[in-house]
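Quick note: residue numbers are just sequence positions, from 1.
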Amino acid sequence: VQLQASGGGLVRAGGSLRLSCAASGRTDGNYAMAWFRRAPGQEREFVAAISWSDDNPYYGDSAKGRFTVARSNAKNTVYLQMNRLKPEDTALYYCAGGKLLSVSDRLYDYWGQGTLVTVSS
């Protein structure tokens, strides 16, 4: 499975961005999908995850109330809608896929290359 993340960019605080992660290759594995991020000088942080059936989205504390994860299995794509962005959301955002929905990055088998989000104050 190959994952391609896109949609990052420069946005002012309070603005919105929508990230996309398109999967290709062997996509019939009913994978849970997740978003993680890594800010400069910090460890990778869990942002959000969604199960194959789309009935169990889960958010990290930094994302609750501002971010929404969704997926289109028909398009093999997962999305992260980010609203009310803050400068502290600046990071490289990665999408990941795995058999189990988890907040741990160790349980995801497939990773995209990352897309940079920069939020200016």
Side-chain angles (χ1 to χ4, degrees):
V1 177
Q2 292 79 47
L3 301 178
Q4 179 73 40
S6 62
L10 174 63
V11 64
R12 302 184 78 165
S16 299
L17 280 176
R18 187 176 82 155
L19 307 183
S20 299
C21 176
S24 60
R26 189 73 181 266
T27 60
D28 58 349
N30 295 355
Y31 297 109
M33 298 295 294
W35 289 94
F36 290 81
R37 68 185 186 185
R38 175 172 281 163
Q42 298 186 22
E43 294 186 355
R44 192 155 53 189
E45 174 191 11
F46 171 76
V47 177
I50 188 166
S51 63
W52 167 256
S53 59
D54 200 14
D55 63 356
N56 190 25
Y58 190 78
Y59 299 94
D61 289 342
S62 62
K64 290 177 181 176
R66 299 187 300 128
F67 296 0
T68 302
V69 62
R71 67 187 298 162
S72 167
N73 292 334
K75 296 181 179 179
N76 293 321
T77 302
V78 63
Y79 305 96
L80 184 68
Q81 177 67 43
M82 304 187 295
N83 298 327
R84 302 199 309 276
L85 283 160
K86 306 174 182 179
E88 51 264 44
D89 294 318
T90 295
L92 194 59
Y93 283 71
Y94 299 90
C95 59
K99 280 295 188 180
L100 297 175
L101 190 151
S102 174
V103 302
S104 172
D105 58 2
R106 290 178 290 180
L107 294 185
Y108 290 93
D109 301 310
Y110 307 103
W111 290 86
Q113 83 291 357
T115 185
L116 181 63
V117 172
T118 304
V119 184
S120 63
S121 58

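- In this structure, R38 is not positioned above the aromatic face of W111 in the sense of NZ or CZ being under 6.0 Å from the six-membered ring centre and within 45° of the axis.
- Of all the heavy atoms in A70 and V78, the pair that sits closest is O-CG2, 3.1 Å.
- Under the rule for a side chain to side chain contact (heavy atoms under 4.5 Å, CB included), the partners of R26 that lie at least two apart in sequence or sit in another chain are V1, D28.
- No path of Ile, Leu, Val, Met, Phe, Trp and Tyr side chains, each step under 4.5 Å between heavy atoms, connects V103 with L80, placing them in separate hydrophobic clusters.
- We find the CG-CD distance between N76 and Q2 to be 11.5 Å, quoted to the nearest 0.5 Å.
- Here S51 contributes atom OG and R71 contributes atom CZ; the two are 7.0 Å apart, rounded to the nearest 0.5 Å.
- The CZ atom of R12 lies 9.0 Å from the OG atom of S121; values are rounded to the nearest 0.5 Å.
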Just distance, no hydrogens or angles: give the donor-acceptor pairs under 3.5 Å from side chains in residues 90-100, sequence neighbours left out.
from: T90; atom 1: OG1; to: P87; atom 2: O; distance (Å): 2.9
from: T90; atom 1: OG1; to: V119; atom 2: N; distance (Å): 2.9
from: T90; atom 1: OG1; to: V119; atom 2: O; distance (Å): 3.4
from: Y93; atom 1: OH; to: R37; atom 2: NH1; distance (Å): 2.9
from: Y93; atom 1: OH; to: D89; atom 2: O; distance (Å): 2.7
from: K99; atom 1: NZ; to: G29; atom 2: O; distance (Å): 2.6

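- Nearest approach of S104 to F36, heavy atoms of both residues: C-CZ, 3.9 Å.
- Transitive grouping of hydrophobic side chains (ILVMFWY, heavy atoms separated by less than 4.5 Å) keeps I50 and Y58 in distinct clusters.
- Taking each heavy atom of A63 and V47 in turn, the nearest pair found is CB-O, 3.5 Å.
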- request: Would you sort out whether Q4 and Q113 count as a side chain to side chain contact (heavy atoms under 4.5 Å, CB included), showing the intermediate values?
  value: CA-CA 7 Å; Q4 179 73 40; Q113 83 291 357; 3.0 Å; yes
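- The shortest non-hydrogen separation linking T77 to S20 is CG2-CB, 4.3 Å.
- Side-chain contact between F67 and L85 is present, with heavy atoms from C-beta onward closer than 4.5 Å.
- Here CD of E43 is found 10.5 Å from CD of E45. Values are rounded to the nearest 0.5 Å.
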query: What's the verdict on side chain to side chain contact (heavy atoms under 4.5 Å, CB included) for L3 and M33, showing C-alpha distance, side-chain angles and the deciding distance?
result: CA-CA 10 Å; L3 301 178; M33 298 295 294; 3.9 Å; yes
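- The CH2 atom of W35 lies 12.5 Å from the OH atom of Y59; values are rounded to the nearest 0.5 Å.
- Nearest heavy-atom pair across A34 and F46 is CB-CE1, 4.5 Å.
- Residue S102 comes nearest to L107 through the heavy atom pair OG-CD1, 3.4 Å, listed as atom of the first residue, atom of the second, then distance.
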